[in-house]
> 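A single structure is presented below for examination.
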Amino acid sequence: MSPLDAVLLLLVLALAGALFWRRRGDEASALEAKRLLEAAKAEAQEALETARKEAREILEAAQREARALREETEAQLQARRRELEEAFRQRAEALEAELKERLAGREERLRLEREELKAERERLKALQEELKAERERLKEEREELRREAERLSKRGEALDARALKLDAQEEALKAREAALFEREKEVERKLYEVAGLSPEEARRRILEKLDQELEEEKAQKVRAALEKARLEAKREAQKILAQAMQRQASETAAQLAVTVVPIPSDAMKGRIIGREGRNIRTFEALTGVDLIIDDTPEAVLLSSFNPVRREIARMALEELLKDGRIHPSRIEEVVEKAKQEMKTFIYERGEEAALEAGVVSLKPGLIQLLGRLHFRSSYGQNVLKHSVQVAHLAGIMAAELGLDAALARRAGLLHDIGKSVDREVEGSHVEIGIALARRFGEPKEVVDAIAHHHDPENAETTYAVLVAAADALSAARPGARRESLEEYLQRLEALERIALSFPGVEQAFAVQAGREVRVIVKPEKVSDAKATLLAREIANRIEREMNYPGQVQVTVVRETRAVEYAR
């Protein structure tokens, strides 16, 4: 409470006491109240003096604090002014340095421009000198042309005189030609009389001889044209195919129907069979694979025509052998685990094939189907490796022809996609492949390649033709496909039989595993010109009547020998 408040409170109390005693009417009390009032006034006066004194002290302290604050503010202002002056000085120095640098740069550019202007003046001076020299040369050439014109004028006069002389000689030659014509007619008439032939008969014989000569010439021209066209087509095809084949090579692997699984010892066979054969029955029922346990040392056989089931059985059996616990519940658990791992394995194979072929943006379902081709074989050839190789070959040929190589690789990789499910779905692998490609939204070029990779003549796009050629290349490599001995011999006999059916053929041999037929003809019946036509006819008939991989070369050999002995 401040002194002023205390004074006011005492005054209020004094007034209240005075009022109280006034009501009582007691005079003594009034005096006491008066006394108390005077005492209160004195105390109030004293308190007022004290309050004034404190107020003066507070005011003086405030003034001192204000002076200190003003001095501190002035000091800060002085420091800020010095900082600003220092910053302004540094900025001025930086601007001055920048201006000096710009001025130096401009002076350097002006110096370079002066040098360029000086060089340009020197070039202009050199050009003026060249122009002056060119004018002198033109003047000399003009003089030379004038002299040449004079020489040509003189030569023209000489040529005119020579032309007149040649006209006279031409008249003499015409007269001599007319005399020779009359003499030729006379000689011809005498020849008819000596030969005893009429002009019509002589003409007929001449025409027959001419027809024979023209037929021979026609055959030679046909042979030359065919040879030229064949060489050009063969050269271009060999160029494209050679570049494709030399940049692509892959191993050939054949999937078998039996898988051999090694076991630690023959004692393990009894554990695999189990009590009363319950383990082996459970394993075969869950996997759908025949487990063959025979006398083969330290090995058992898994037999199935389904390679996926056979691979699942192999993985499960190896896991059981590694774990050592073999009983029906454990077999069921391991087989189920192997099936899940097989799905992952198939997807990984599909991803690897797409990456190897350089094909991107394939949908997961299509990759899963592509991975199933790893366990599919056709004529002993692994279909997934075959598809990757076809993709590479088609892409290389498309790049050589200026087409979209990525699209060609995509079509080549997916051309046999129908074989991944052709055992579970009705229809040929081509029909299934078309349905799958359309379901997964593949481009129309890919669908057309799948539809016509065995029938390129009806293809709508060039990519189908490239995929068909790449498919034939991949399948025709030596060892790519297994062929039975009987079919191989029948094909060789058919080639030789077709060649021997033509007249004039003496012998025929199928060589190079049926990829070439060498035909030996009788030289007195077949001429060199007819040999070309015969080779073409044999090739056409082979194309019509036979089915064969790749191509068959027909070589006609005509040989004439003259043998004499010196005794």
Side-chain angles (χ1 to χ4, degrees), residues 240 244 247-248 250 307-308 342-379 381-475:
I240 296 175
R247 291 167 58 185
Q248 168 61 26
S250 65
V308 178
M342 177 55 65
K343 293 180 181 179
T344 305
F345 179 79
I346 290 175
Y347 191 84
E348 290 175 354
R349 298 291 79 75
E351 280 188 328
E352 289 176 2
L355 182 62
E356 184 179 355
V359 178
V360 297
S361 302
L362 286 178
K363 295 184 179 179
L366 207 54
I367 294 176
Q368 190 75 22
L369 293 174
L370 192 64
R372 288 172 63 91
L373 295 178
H374 177 75
F375 300 101
R376 181 71 161 82
S377 61
S378 176
Y379 297 97
Q381 188 177 26
N382 184 275
V383 178
L384 184 58
K385 293 182 179 179
H386 163 72
S387 299
V388 172
Q389 188 176 49
V390 170
H392 284 301
L393 293 171
I396 294 168
M397 289 189 285
E400 292 294 330
L401 296 174
L403 301 176
D404 189 349
L407 186 58
R409 289 195 300 271
R410 193 182 193 93
L413 183 66
L414 300 177
H415 79 285
D416 274 342
I417 193 66
K419 291 184 179 180
S420 60
V421 291
D422 60 348
R423 293 172 178 173
E424 294 87 4
V425 181
E426 293 290 335
S428 65
H429 77 280
V430 174
E431 297 172 352
I432 298 171
I434 294 172
L436 290 174
R438 288 175 177 170
R439 181 189 304 171
F440 288 102
E442 289 298 314
K444 63 179 183 179
E445 291 84 358
V446 176
V447 177
D448 184 58
I450 295 173
H452 298 100
H453 70 275
H454 291 311
D455 183 25
E457 291 82 6
N458 298 321
E460 298 178 359
T461 62
T462 310
Y463 296 96
V465 180
L466 293 179
V467 171
D471 184 42
L473 279 176
S474 177

> So H415 and H386, would you call those rings parallel, tilted or perpendicular, with 30° and 60° as cut-offs?
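Perpendicular: the ring planes of H415 and H386 meet at over 60°.
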> Taking the side chain as every heavy atom from C-beta outward, state whether H454 and H429 have any atom pair closer than 4.5 Å.
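A side-chain contact exists here, since the closest heavy-atom pair is under 4.5 Å.
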> Looking at every heavy atom in both G433 and I417, which two are closest together, and how far apart are they?
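Scanning both residues, the minimum pair turns out to be CA-CG2, 3.8 Å.
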> Look up atom CG in L370 and atom CG in L413, then write down how far apart they are to the nearest 0.5 Å.
4.5 Å
> So how far is it from S387 OG to K419 NZ, rounded to the nearest 0.5 Å?
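The distance works out to 8.0 Å.
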> Quick one: do E442 and R410 make a salt bridge, cutoff under 4.0 Å?
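Yes.
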> Check whether any side-chain N or O of Y463 sits under 3.5 Å from a backbone N or O of D404 as a donor-acceptor pair, and report yes or no.
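Side chain of Y463 to backbone of D404: a pair is present.
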> Is any side-chain heavy atom of L403 closer than 4.5 Å to a side-chain heavy atom of L466?
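In short, these two side chains touch, coming nearer than 4.5 Å.
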> Can you name the nearest heavy-atom pair linking V447 to A437, along with the distance?
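Reported closest heavy-atom pair: CG2-CB, 3.9 Å.
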> Which heavy atom of V467 sits nearest a heavy atom of A394, and at what distance?
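Closest pair (atom of V467, atom of A394, distance): CG2-CB, 4.4 Å.
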> Which pair of non-hydrogen atoms, one from T461 and one from D448, has the smallest distance, and what is that distance?
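Shortest heavy-atom contact: OG1-OD2, 2.8 Å.
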> Quick one, H453 and D416 - any side-chain contact, counting heavy atoms below 4.5 Å?
yes
> Quick one: pull up CG in L384 and CZ in R372 and give me the separation to the nearest 0.5 Å.
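Those atoms lie 12.5 Å apart.
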> Measure the CZ-CG distance between R438 and L436 for me, rounded to the nearest 0.5 Å.
11.5 Å
> Could you check whether any side-chain heavy atom of E431 comes within less than 4.5 Å of a side-chain heavy atom of E426, counting everything from C-beta outward?
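A side-chain contact is absent here, since even the closest heavy-atom pair is not under 4.5 Å.
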> What is the distance from atom NZ of K363 to atom CD of Q368, rounded to the nearest 0.5 Å?
16.0 Å
> Would you name the heavy atoms of V446 and L407 that are closest together and state the gap between them?
CG2-CD1, 4.0 Å
> Nearest 0.5 Å please: distance from the OG atom of S420 over to the CD1 atom of I432.
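Nearest 0.5 Å value for the OG-CD1 distance: 8.0 Å.
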> Between R409 and A357, what is the shortest heavy-atom contact and its length?
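Answer, listing the atom of R409 first, then A357: CD-O, 3.0 Å.
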> Are the side chains of L362 and F440 in contact, using a 4.5 Å heavy-atom criterion?
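Not touching, per the 4.5 Å side-chain cut-off.
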